[in-house]
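Below you'll find the structure, written out as structure tokens, and then a few comments.
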Amino acid sequence: MKTVVFAGPSIPVRDARTVLDAIYLPPVKQGDLVSAISTHDPDVIGILDGEFCQTLSVWHKEILYALSRGIHVYGASSMGALRAAETDMYGTVGVGEIYRMYADGTLTDDDEVALTHGAAESDYRPVSDPLVNIRITLAKAVDSNVIDEALAARLVALEKAVFFPERSYHHMFEAAAVAGEDSLVMERLRAFVRSSRVDQKRLDAVAMLTMIAQLPADLPPHVPSFAFEWTGNFGALYEQDRKVPVDGTTTELPLAAIAMHAALHAPDFNELNGHALDRALVQVLAEVLGVDGTAEETAAEQRRFCVERNLDSEAALLDWRQRNHLSASEMDTLFTQMGRRRALHRWLTRRRSYVGTTRFILNELRLRGDYEEWVRRADAHERLLGDGSIDDALGMTAEEVEDNRLSDLQLAIDHMRATECRMPIALGKWAEEAGILGARRLRVDLLRARAARRRAARLFALEDVGSA
């Protein structure tokens, strides 16, 4: 069971580790939760602390996304208690007294748990005191007959009236003196605070960590009680703001930053961008036409991809997926889309079975600026072959007669070894995709290419002899 916990001032990570072995991340902010899911693929997420003032806070939608993916989500102490009270109806598990107070309406304002703290290097050492801790400490003082309820309410009101970074027990006592509270009573309370103050946020943090630590190692996935709706705003967060790790560093980058850098620096970006948009439009067209690939075709697409990338094992494919920052489901979606694109290609080529795709290929070469080069290369190829026909035995050399006895597969393997051509799938399917009109035509052209290579080798040998 893999657990990710967002922790900060509620409890130092070194202390938290004594309760629960987990991946500890800084206080959560907008985008961090979906980023952690993508990077760590956890079974459980625990939220203690979060940012809300200096940056945007974690979305409720992120928590719903985690729950919809079968991840168990727990919240306590601070931001975790807030978000748990707001999403417990969807399956978030709230833990601790602060969560209970928000859940039953005793607390309603977010600032009850707010405080200022130091940087990560200081283990997020608290600089101010959260009002919820002050409130609970004063309630304990009332129960211990140190002060009465009326004084406790006045003191809470004094701290409620100031901005949260200014809240502290020290400020409370100074404000009480200015307000004319009984000095003897306040001194008795000061002694009580020194000896018996309640750090409820830490207590709740420990309670949540303990609860997660007691979960079974083979914990089954959470079963969501709702259908997650992928909205436009969430899609923007997931596809642009989600951060991914940079190998060999502690750096994380937003996905949008990677795409923007490519846009401004990749020499072939305009072509890359055009292909990317074309691929997206293909998916729309496939839906409109009702063209879809089967599960078998999607699996074949994955095998084809692995052959083309020399990914010869499941481990190699997993390594590629992780280096390319794809979840398992995202990779499956990618192969499904590629399979659908391939199915649409087949739909097109079959409709042009008597025409072929020559015009499309030549136009693409023209747009790339490669057309004239391929004209020259094709002309040189035909000149090598001369008038010799490979369609029958007439005019064929003895070697070419032997070539004709080779199987289609043998000819294809020989051709791929000698050229940069790649045929990563069955020859018939590849020929169909390439717009080659039939298996007979493919065989003839493979034989002609083999003959041309042999004749080119002889010419080069003669030139070497002549130069000698």
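Nothing fancy with the numbering, it's 1 onward along the sequence.
Distance CE/Met338 to CD/Gln302: 10.0 Å, rounded to 0.5 Å. The OG atom of Ser78 lies 12.5 Å from the CD atom of Gln200; values are rounded to the nearest 0.5 Å. Atoms CZ and CD, from Arg242 and Glu252 in turn, are 11.0 Å apart once rounded to the nearest 0.5 Å. Rounding to the nearest 0.5 Å places CG of Asp32 at 8.0 Å from OG1 of Thr55. Taken to the nearest 0.5 Å, the CZ atom of Arg366 stands 11.5 Å off from the CD1 atom of Ile361. The line from OG1 of Thr333 to CD of Gln283 is 10.0 Å long, rounded to the nearest 0.5 Å.
Heavy atoms from other residues, nucleotides or ligands lying under 6.0 Å from NE2 of His170 number 12 at most. Residue Lys429 qualifies as open at atom NZ: its count of foreign heavy atoms under 6.0 Å is 12 or below. Heavy-atom contacts from other residues, nucleotides or ligands closer than 6.0 Å to CZ of Arg125 number 12 or fewer. Atom CG of Asn324 sits in a crowded spot, with more than 12 heavy atoms from other residues, nucleotides or ligands closer than 6.0 Å. Within a 6.0 Å sphere centred on CH2 of Trp374, other residues, nucleotides and ligands contribute 12 heavy atoms or fewer. A 6.0 Å sphere centred on CZ of Arg351 holds no more than 12 heavy atoms belonging to other residues, nucleotides or ligands. For Met260, the CE atom sits in a loose shell: 12 or fewer heavy atoms of surrounding residues, nucleotides or ligands are nearer than 6.0 Å.
Inter-residue side-chain proximity for Arg422 and Glu308 is flagged as unmet; no heavy-atom pair is nearer than 4.5 Å. Within the 4.5 Å cutoff, side-chain heavy atoms of Tyr124 are placed close to those of Pro26. Ser196 is listed as a side-chain neighbour of Lys140, based on a closest heavy-atom distance under 4.5 Å. Residues Leu334 and Phe305 form no side-chain contact, since every pair of their non-hydrogen atoms from C-beta on lies 4.5 Å or further apart. Proximity of Val13 to Arg17: side-chain heavy atoms (C-beta onward) are separated by under 4.5 Å at one or more points. Taking 4.5 Å as the limit, every side-chain heavy atom of Thr106 sits out of range of all side-chain heavy atoms of Glu112. Looking only at side-chain heavy atoms (C-beta outward), Val5 and Tyr74 stay at 4.5 Å or farther from each other. Put simply, the side chain of Arg321 does not reach to within 4.5 Å of the side chain of Glu330, judged on heavy atoms.
Looking at His265, its side chain does come within 3.5 Å of a backbone N or O of His261 through a donor-acceptor pair. Judged by distance alone, the side chain of Thr18 and the main-chain N or O of Asp15 form a donor-acceptor pair under 3.5 Å. Listed for the His60 side chain is no donor-acceptor partner under 3.5 Å among the backbone atoms of Arg83. Side-chain atoms of Arg304 do not come within 3.5 Å of backbone N or O of Pro424 as any donor-acceptor pair. Not a single donor-acceptor pair under 3.5 Å links the side chain of Ser144 to the backbone N or O of Ala141. Between the Arg167 side chain and the Glu159 main chain, a donor and an acceptor come within less than 3.5 Å of each other. Listed for the Ser195 side chain is a donor-acceptor partner under 3.5 Å among the backbone atoms of Phe192. Judged by distance alone, with hydrogens and angles left aside, the side-chain atoms of Ser122 form a donor-acceptor pair with the main-chain N or O of Ala119 at under 3.5 Å. The main-chain N or O of Leu365 is never found under 3.5 Å from a side-chain atom of Asp370 such that the two would form a donor-acceptor pair.
Looking at every heavy atom in both residues, Leu237 comes nearest to Gly31 through CD1-CA, 3.9 Å. Residues Ser10 and Ala205 share a closest heavy-atom pair of CB-CB, 4.3 Å. Considering every non-hydrogen atom in both Val198 and Leu203, the closest pair reads CG1-CD1, 4.0 Å. Nearest heavy-atom pair, Ala152 versus Leu138, reported as atom, atom and distance to 0.1 Å: O-CD1, 3.9 Å. The heavy-atom pair separating Ser77 from Val113 by the smallest distance is O-CG1, 3.8 Å. The heavy-atom pair separating Leu107 from Tyr102 by the smallest distance is O-CD2, 3.4 Å.
Using a cut-off of 4.0 Å between Lys/Arg side-chain N and Asp/Glu carboxylate O, Arg346 and Glu297 are scored as salt-bridged.
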For residues 208-229, tabulate all N or O donor-acceptor pairs below 3.5 Å that involve a side-chain atom, not counting sequence neighbours.
residue: Thr210; atom: OG1; partner: Val206; partner atom: O; Å: 2.7

Side chains of residues 88-100: which donor-acceptor partners sit under 3.5 Å, not counting sequence neighbours?
residue: Asp88; atom: OD2; partner: Tyr99; partner atom: OH; Å: 2.7
residue: Thr92; atom: OG1; partner: Thr87; partner atom: OG1; Å: 2.7
residue: Glu97; atom: OE1; partner: Arg100; partner atom: NE; Å: 3.1
residue: Glu97; atom: OE2; partner: Arg100; partner atom: NE; Å: 3.2
residue: Glu97; atom: OE2; partner: Arg100; partner atom: NH2; Å: 2.4
residue: Arg100; atom: NH1; partner: Asp104; partner atom: OD2; Å: 2.4

Please step through side-chain contact (heavy atoms from CB on, under 4.5 Å) for the pair Leu115 and Asn133, ending with a clear verdict.
CA-CA 11 Å; Leu115 77 163; Asn133 281 357; over 6 Å; no
Pair Leu253-Val246, side-chain contact (heavy atoms from CB on, under 4.5 Å): steps then yes or no:
CA-CA 7 Å; Leu253 288 176; Val246 179; 3.8 Å; yes
Can you check salt bridge (Lys or Arg N to Asp or Glu O under 4.0 Å) on Glu301 and Arg342, steps first, answer last?
CA-CA 9 Å; Glu301 200 65 43; Arg342 197 83 61 187; 2.4 Å; yes
Evaluate the side-chain contact (heavy atoms from CB on, under 4.5 Å) criterion for residues Arg197 and Asp129: first the C-alpha distance (whole Å), next the side-chain angles of each, then the deciding distance (0.1 Å), finally the verdict.
CA-CA 11 Å; Arg197 62 194 294 178; Asp129 290 302; 3.2 Å; yes
Val34 vs Arg69, side-chain contact (heavy atoms from CB on, under 4.5 Å): CA-CA, chis, key distance, verdict:
CA-CA 11 Å; Val34 293; Arg69 286 176 52 92; over 6 Å; no
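Applying the salt bridge (charged side-chain N to carboxylate O under 4.0 Å, His left out) test to residues at least two apart or on different chains, the pairs with a partner in residues 266-276 are Glu271-Arg368. Counting only residues at least two apart or on different chains, the salt bridge (charged side-chain N to carboxylate O under 4.0 Å, His left out) pairs with a member in residues 171-182 are Arg154-Glu181. Pairs engaging residues 273-294 under the salt bridge (charged side-chain N to carboxylate O under 4.0 Å, His left out) rule: Glu287-Arg340, Asp292-Arg340 [sequence neighbours left out].
The aromatic rings of Trp59 and Phe234 are tilted relative to each other, their planes meeting at an angle between 30° and 60°. Using bins of under 30°, 30° to 60° and over 60° for the plane-to-plane angle, the ring pair Phe52/Phe164 lands in the tilted bin.
Listed by chain and number, the residues in a salt bridge (Lys or Arg N to Asp or Glu O under 4.0 Å) with Arg323 are Asp319 (sequence neighbours excluded).
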